[in-house]
Amino acid sequence: MTPSRSPLQGLKVVDLTTFLSGPFCTQVLADMGAEIIKVEAPAGDSSRSIPPHFIDGDSAYYLGNNRNKKSIVVDLKSAAGLAVLRDLIARADVVVENYRPGVSARLGFDPAEMRRRHPALIWASISGFGQTGPWKERPAYDMIVQALSGAMSLTGEPGQPAVRLGIPAGDVVAGMYAAIGICAAAASRAVDGQGDHIDVSMLDSLISLLSYQGVYSMISGRAPAPQAARHDSIPTYRSFVGGDGRELVVTANTDRMWRAMCDVLGLPELTADPRFADQRARLANKIDLWELFERAFTERSALEWVELLQAAGVPAALITNVPEALAEARTAGREMVLDLDDNRGNSVSVLGNPIKFLDSPMVEPAYPPTLGADSAEILAELGRTAAEIDELLSSGAVSAGSR
């Protein structure tokens with residue numbers, strides 16, 4: 001029987017986050033059906049003002065991470081505004097925040113106190129360095145944790161300065177781990193009725209992505225070199241340059257693929273060369289092997305090589321730029337590029353959610369909210385009367401924008 005509801009439909013989330021890690025987390029939850037109430041300061045989420053691209057006053061940075069949400073503007077420095085937030089928390093299933101540890105308590109909504117009052121509440125804290133440890137109060141941004149995690153040391157060319165990953169991995173991975181933790185806590189609460197406090201560190205999240213490189217380092221006692229477009233274990237898993245100057249990647253990681261690659265490149269004799277007899281030998285003699293391969297790849301265009309290698313069962317692909325990758329994503333039919341329209345004539349294209357539920361209805365993607373667009377509606381849902389709503393709005397404790 002096909003489910004009639006989205007996986008997280010009915011889950012109410014209070015989103016106290018800004019910038020990227022938290023909004024990315026809550027957007028993932030929103031895409032799966034959760035109701036996200038984005039609580040913003042009077043100045044709004046600071047990501048709304050990040051240049052260079054804007055649509056009707058909101059930055060592309062903000063628009064890319066805040067679809068399917070409602071926005072209410074609350075002045076937490078006012079007693080009336082703080083009371084509104086506490087009411088929101090009392091009715092919520094989940095709170096997500098990315099303050100530095102201790103800030104929530106100083107603002108008047110201590111996580112421990114909130115969870116004592118509401119034992120079923122799930123509280124997710126995303127921070128640079130976690131809720132414990134000697135660095136917990138340090139501020140952190142994506143590049144800081146890329147530097148401290150070892151990720152930057154692995155990126156770039158050997159002998160050259162470290163290179164920042166071109167994607168905000170520290171923020172995005174922390175947001176994903178927080179979403180995973182929230183889903184796990186919700187599953188547990190369905191059994192025993194108890195919530196939890198989830199502690200996700202951006203640094204921890206990136207360290208977890210070191211994967212086998214971290215294990216290699218602990219076993220060898222050495223620091224891995226920058227990887228460039230190569231692999232520490234498989235010399236036939238790397239990029240090459242075709243005769244037209246365009247780059248391609250090849251991932252010939254089995255003996256069958258190795259033999260097929262040699263045949264395609266017109267180098268079948270390499271399979272009988274003792275220097276390349278098996279994976280260990282090829283790794284030990286990778287410089288010699290690369291010189292032979294690099295010379296061979298100059299004889300055809302990169303696209304020709306990709307087509308020949310793929311036909312021989314060797315995984316290969318052109319290195320595409322972002323517009324090329326997104327154009328391909330549009331034609332793939334997997335909704336990884338979404339075109340959103342508001343009711344004021346604005347439209348924006350954003351990236352979709354890779355999580356697909358084949359037997360559950362997908363959430364219809366909605367344009368990110370303007371600042372305070374849902375304030376009055378949310379106050380009414382809290383049980384505030386029209387007169388009380390007018391008082392909150394006129395006092396500035398809560399602000400309303402326009403849809």
> Any Lys/Arg nitrogen of R189 or D196 sitting under 4.0 Å from an Asp/Glu carboxylate oxygen of the other?
Replying inline: no
> Out of curiosity, L351 CG to L326 CG, how far, rounded to the nearest 0.5 Å?
Replying inline: 6.0 Å
>> Assess whether a salt bridge exists between E247 and R238, defined as any Lys/Arg side-chain N lying under 4.0 Å from an Asp/Glu carboxylate O.
In response: no
>> Apply side chain to side chain contact (heavy atoms under 4.5 Å, CB included) to residues V348 and D342 and explain how you reach the verdict.
In response: CA-CA 9 Å; V348 64; D342 67 2; over 6 Å; no
> Is D58 salt-bridged to R48, going by a charged N under 4.0 Å from an acidic O?
Replying inline: yes
Atom pairs and distances, side-chain donor-acceptor, residues 160-183, under 3.5 Å, sequence neighbours left out:
| unit_1 | atom_1 | unit_2 | atom_2 | d |
| --- | --- | --- | --- | --- |
| Y177 | OH | S208 | OG | 2.8 |

> Using 4.0 Å as the upper bound for N to carboxylate O, is an ion pair formed by R280 and D278?
Replying inline: no
> Can you tell me how far the OG atom of S347 sits from the CG atom of D341, to the nearest 0.5 Å?
Replying inline: 5.0 Å
>> Just verifying a value: how many Å separate L88 CG and I72 CD1, rounded to the nearest 0.5 Å?
In response: 5.5 Å
>> Any carboxylate oxygen within less than 4.0 angstrom of a Lys/Arg side-chain nitrogen, looking at R295 and E291?
In response: no
>> Measuring from atom CD1 of I234 to atom CG of N253, what distance do you get when rounded to the nearest 0.5 angstrom?
In response: 5.0 Å
> Could you state the interatomic distance from CG (L20) to CG (D45), rounded to the nearest 0.5 Å?
Replying inline: 10.0 Å
> Within a strict 4.5 Å, meaning less than it, do heavy atoms of the R384 and D87 side chains meet?
Replying inline: yes
> What is the ring orientation for F109 with W123, classed by angle as parallel under 30°, tilted 30 to 60°, or perpendicular over 60°?
Replying inline: tilted
>> Whether the side chain of S375 engages the backbone of V73 through a donor-acceptor N/O pair (distance < 3.5 Å, no angle test) should be reported.
In response: yes
>> Within this structure, what is the CD-CG distance for the pair Q213 and L154, rounded to the nearest 0.5 Å?
In response: 5.5 Å
>> Looking at D244 and R246, is any side-chain nitrogen of the basic one under 4.0 Å from a carboxylate oxygen of the acidic one?
In response: no
> Aromatic rings W258 and F293: how do their planes relate, parallel, tilted or perpendicular, breaks at 30° and 60°?
Replying inline: tilted
